[in-house]
Number of protein chains: 2
Amino acid sequence: MTSRKPPVMADIARIAGVSSMTVSRAFRRDSRISPETRDAILKVAEEMGYVFDATASNLRSQKTDFVAVTIPSLNNANFADTVEGLSRTLAERGMQILLGHTNYDMQAEEQLIGQLLRRKPQAIVLTGGKHTERGRRLLVNSGIPVIETWDVPADPIGYHVGFSNAGAVQRMVDHFVEAGYRRIAFIGGDASRDTRGEDRRLGFIRAMEHHGLASSRLIAAGPPPISMREGASAMIKLLETRPDTEAVICVSDLSAFGALTECQRRGIAVPEQIAIAGFGNYEIAGICVPSLTTIDARAREIGEHAGALVLDLLDGKRPAASVTLEPRLLRRASSR
Amino acid sequence: MTSRKPPVMADIARIAGVSSMTVSRAFRRDSRISPETRDAILKVAEEMGYVFDATASNLRSQKTDFVAVTIPSLNNANFADTVEGLSRTLAERGMQILLGHTNYDMQAEEQLIGQLLRRKPQAIVLTGGKHTERGRRLLVNSGIPVIETWDVPADPIGYHVGFSNAGAVQRMVDHFVEAGYRRIAFIGGDASRDTRGEDRRLGFIRAMEHHGLASSRLIAAGPPPISMREGASAMIKLLETRPDTEAVICVSDLSAFGALTECQRRGIAVPEQIAIAGFGNYEIAGICVPSLTTIDARAREIGEHAGALVLDLLDGKRPAASVTLEPRLLRRASSR
DNA sequence: TTGAAAGCGCTAACAT
DNA sequence: ATGTTAGCGCTTTCAA
């Protein structure tokens, strides 16, 4: 099995009868190069199967085309939408996303941040506004733009694009109370892992107390991710322990849908016997029967804003500003 | 705002009173270095906020820790599961995934392959076994292991980990025919974009013809991705044009669920009046009411096998072998 | 177990 | 519009 060494820029230069610099300029679409020279070089390169070496380019120019991104889970349509929005925005400038997931674990996030920073990204976009102390230090020391998303951090590291998770749930509680519900429950994950879920739970408690209502109907659905299965189990627990509950707010649409299916299995009418609300405006919330009242977290927009912010910062455009989004409450058929 | 240059390996070496080589060895956990020296070096590095530069390491050693991966869409739990399985397997060896998505477009895939190869990944894992001619050439020329997944390629480039999409749907048709259904429809995306979806459609046609049944109940749900919304629209079309249909096989669980919700909105009993089957064994298929008969594509296992294969190949372990998985048919409540 | 020298493949800086 | 020189921060190679 013969295999000659793959061609490098100098090889293309020799064949094309120019210097490496000219080849380099051709590949970077430098303006100060004649179109004919450029086309000839690119043709030679294609014929020889030349592949530009981004590794060498990155080292020499001391910049990469990477933007590092951390999300809790790959398998979550909300975060996927955010990454999609980010990716689309950055792709216009030829930037690549370096994606890692934390499994809703701040320790894992810390490790991940360390791994990602070794690749010298130009910016880092994080999901959430809480991190380990060492994680924070790594981010600050890195010297690159840091953007926290899906949250309004109490103590921002750099920029942020997000919304108040507590505030969004408070609005849902307000809405339910206005609609006449009093005995309202909350289904969420165990505390202290998913910080956004935790904030939503706190928002629920605060809002219930503000209305002078009992905030004791808290169903812990286990460690995140809280998905459909966990929502269904939590609903079983809720129906058993607090059968007079009038409405339930879930930490996400996925758990809300799981809760809904449990009602369907038991012949409990939604919303007549119990109302259900979700969070996130996942596709399923708009199409299931009955459709789910929810909060539109505007996942894709978060990514797009974050992407635009990164580009502005890399362009040196100042002042580039953090974005606080206003989640939208969507009234649907699962509540009155 | 003062900002001194971040420390490099030579700085750590100087402070620690050793050479760069020793620092390099400390970071790579080279065995031939005394534990005390190593600990001292790592301590100095942490104190100085040193971040290892993977870019320089990659260039000099002419190898990266990247495995490139292409998927049609980020926002799809099946592919997310595959990436998750792959990621978990590779993370054990400190390898990072370089992920890109093609939007179910072979042209976009070709471009993406070009972009990814510039990063000099050690292997590339693709979703699907069909590519543009130039895409194939790029892959072959790259000289790195190529693994095609979610398919059994007609003309494999390198290795593959997957199953026959046509064969899986054939089994579903066989099952439905055996259960007594005759007027069976297929809901899928428009031809020629999503090649796996297209293969499933062909498998449907072939199987119906094999049973001497009409294969004309084909509902085109638009360009991929075919999700819940498209499934619901397709169901409307099906009920209008072929109201005597007894059973419908959908290209995915998401479209199957959408179709199911349309039946619920119209008061059509599933499976009594019409049976529904999906594909993929997404979480929703197991929990919706009625639960969906489907094909378990074993998404996570695909990723795990692909990851193991990559590691074997990089270790030079031969023969490392392609894997053909047998999808599992799951009989659930949406069909008899 | 540690170190010195050389160089991976590009591009910044400067020159023409 | 194009070329020359030097060097990005590591690790290979060889030596001690």
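Small disclaimer: the values here were computed from a predicted structure and weren't measured. Protein chains get the first letters and strands the later ones, always in sequence-line order, with residue 1 at the start of each.
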| Nearest-0.5 Å distance that lies between atom OG in B/Ser322 and atom CG in B/Leu309 | 6.5 Å

| field | Length of the CZ-P vector between B/Arg14 and C/dG3, whole Å | value | 14 Å

| query | Atom CZ of B/Arg118 to atom P of C/dC10: distance rounded to whole Å? | reply | 10 Å

| query | Separation of A/Glu36 atom CD from D/dT2 atom P, in whole Å? | reply | 8 Å

| message | Strictly below 4.0 Å, N to O, side chains only: are B/Arg134 and A/Glu46 in salt-bridge contact? | response | yes

| remark: Protein heavy-atom contacts under 4.0 Å, written 5' to 3' over nucleotides 6-16 of chain D as B (base), S (sugar-phosphate only) or - (none), form the string BBBBBBB----

| field | Salt-bridge contact A/Arg93-A/Asp65 (side-chain N to carboxylate O under 4.0 Å) | value | no

| said: Quick test of your reading of the model: are B/Arg88 and B/Glu84 salt-bridged, counting only N-O distances below 4.0 Å? | reply: yes

| request: Calculate the interatomic distance between A/Ile12 atom CD1 and C/dT11 atom C1'; express it in whole Å. | output: 17 Å

| Heavy-atom distance under 4.5 Å between the side chains of B/Ile71 and B/Thr102, does that happen here? | no

| query | Are B/Arg136 and B/Asp155 within salt-bridge range, i.e. N to O under 4.0 Å? | reply | yes

